[in-house]
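Data block below; observations after.
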Amino acid sequence: MAQTIACANQKGGVGKTTTVINLGTYLALGGLRVLIVDVDPQGNATSGLGIDRSSLEGTLYDALTDSIPLAEVIIPTGVERLSLVPSSISMAGAEVELAASDRRERRLARLVAGIADDYDYILLDCPPSLGLLTVNALTAADTVLIPLQCEFYALEGLTQLIATVNLVRDNLNPDLEINGVVLTMADGRTNLSADVSAEARRHLGAVVFDTVVPRNVRLSEAPSFGLPIALYRPDSKGAEAYAALAVELRGRNGAGRSAKTRLDETQVTHAGSLS
């Protein structure tokens, strides 16, 4: 049975898609069967893996709106054991179309349940919002992975995300937990990155992964070539960080650590005092 992880943060540009693509790649290179589900209408996980969205015969949109089994829209990627459910521009209208549907928050959960036995990890790349698509992802997930950018105002809005996670837990998915917070885009040359990292660790404690993803030019370049960093520049600092993150994630899940983790909104509010 797959461990289903929603990668979520309503702030854009914090490294959600970069984390999903590269974490998924290193998990697959480690011998695990991994599925990435591109829940974002922008489709960056799809294009970032070198998939031409104009040539797709089926996407997540078709599965969500026409009840097509998810297995019918899964496609291979250039990484062995890594598969993808692609997104399309049509996803932009999915929230409107699903709004009047019965049990609309559980549509993705039902789809994922049908293929969960075929994978070790299912990674859900959420849009930068807390709308119906993100709620669908949180309802379908076992845990939530939160990328937190090491920049000014990075902690602002985290309280709202945790409130949404708690709301989904209380009403739709009682087993939903926080997998962890991963610090991204860290610049070791600045005091600001160090301050954000220290503040996050002081208030959130063990929820924050030890691995920190640096701000790295090669990570930024890789999507333009449709490649994960492991295939583009495996010797880069960004590649080393995501390889380490994959190992740390497997260690946490193997120890059952993520299943016990729950963030309190008060913790996050205090952590936001830096901004």
Side-chain angles (χ1 to χ4, degrees), residues 1-12 14-28 32-49 51 59-65 69-71 73-75 77 82-88 91-92 94-95 98 104-147 161-162 164-165 168-169 172-173 175-182 184 228 242 245-246 249 253 258:
M1 177 70 73
Q3 167 80 208
T4 301
I5 302 174
C7 189
N9 190 325
Q10 76 272 24
K11 290 179 70 67
V14 300
K16 288 189 299 294
T17 300
T18 298
T19 296
V20 166
I21 289 175
N22 294 300
L23 180 59
T25 294
Y26 277 108
L27 289 171
L32 300 175
R33 302 164 300 163
V34 181
L35 176 68
I36 291 175
V37 181
D38 192 351
V39 188
D40 189 348
Q42 297 176 89
N44 290 335
T46 301
S47 58
L49 284 166
I51 307 300
T59 69
L60 179 60
Y61 172 81
D62 300 296
L64 284 173
T65 60
L70 206 58
V73 297
I74 293 174
I75 59 176
T77 70
L82 178 65
S83 301
L84 171 72
V85 173
S87 182
S88 67
M91 283 286 289
E95 286 191 305
L98 292 175
R104 57 188 178 273
E105 302 91 350
R106 300 184 184 276
R107 190 66 66 92
L108 183 58
R110 292 198 297 270
L111 292 170
V112 168
I115 48 88
D117 289 338
D118 299 330
Y119 298 93
D120 297 300
Y121 281 92
I122 298 174
L123 305 180
L124 310 175
D125 187 26
C126 298
S129 70
L130 296 177
L132 184 56
L133 291 176
T134 296
V135 170
N136 258 268
L138 295 176
T139 304
D142 300 307
T143 62
V144 187
L145 179 65
I146 304 172
L161 174 59
I162 299 306
T164 300
V165 170
V168 169
R169 180 191 292 118
L172 296 166
N173 184 2
D175 296 324
L176 182 65
E177 299 292 346
I178 304 295
N179 194 302
V181 173
V182 56
T184 62
Y242 277 112
L245 182 62
L249 177 73
N253 290 350
S258 63

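Just so it is clear, the structure is predicted and the values come from calculations on it, not from any experiment.
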Closer than 3.5 angstrom, by distance alone: can the side chain of [X] be matched with the main-chain N or O of [Y] as a donor-acceptor pair?
X    : Y    : result
R106 : T139 : no
K16  : C126 : no
N173 : A141 : yes
D120 : R33  : yes
D125 : I36  : no
E95  : L132 : yes
N44  : T17  : no
R107 : L64  : yes

* Answer yes or no: is there a side-chain heavy-atom contact under 4.5 Å between D40 and P128? => yes
* Using a 4.5 Å cut-off on heavy atoms from C-beta on, say whether the side chain of L138 contacts that of L172. => no
* Asked: With R110, which residues qualify under salt bridge (Lys or Arg N to Asp or Glu O under 4.0 Å), at least two apart?
  -> none
* Structure fact -> salt bridge (Lys or Arg N to Asp or Glu O under 4.0 Å) filter on D142, not counting sequence neighbours, yields none
Rounded to the nearest 0.5 Å, how far does [atom2] of [Y] lie from [atom1] of [X]?
X    : Y    : atom1 : atom2 : answer
T19  : I5   : OG1   : CD1   : 11.5 Å
T143 : L249 : OG1   : CG    : 7.5 Å
T65  : L60  : OG1   : CG    : 9.0 Å
I21  : L84  : CD1   : CG    : 8.5 Å
L82  : L32  : CG    : CG    : 11.0 Å
L123 : L145 : CG    : CG    : 8.5 Å

* Could you walk me through whether L35 and V85 pass the side-chain contact (heavy atoms from CB on, under 4.5 Å) test, one step at a time? => CA-CA 7 Å; L35 176 68; V85 173; 4.0 Å; yes
What closest approach, in Å, do [X] and [Y] show between heavy atoms, and which atom pair accounts for it?
X    : Y    : answer
C7   : V20  : CB-CG2, 3.5 Å
N22  : T18  : ND2-O, 2.8 Å
S87  : G43  : CB-CA, 4.0 Å
M1   : A116 : SD-CB, 3.4 Å
P86  : T59  : O-CB, 3.4 Å
Y242 : L23  : CD2-N, 4.2 Å

* **From CA spacing to verdict: side-chain contact (heavy atoms from CB on, under 4.5 Å), D38, M91** => CA-CA 10 Å; D38 192 351; M91 283 286 289; over 6 Å; no
* Asked: After noting the C-alpha distance and the side-chain angles of Q10 and T134, does the key distance pass the side-chain contact (heavy atoms from CB on, under 4.5 Å) rule?
  -> CA-CA 9 Å; Q10 76 272 24; T134 296; over 6 Å; no
* Output, in order, the C-alpha distance, side-chain angles, deciding distance and verdict of side-chain contact (heavy atoms from CB on, under 4.5 Å) for T25 and T77. => CA-CA 10 Å; T25 294; T77 70; over 6 Å; no
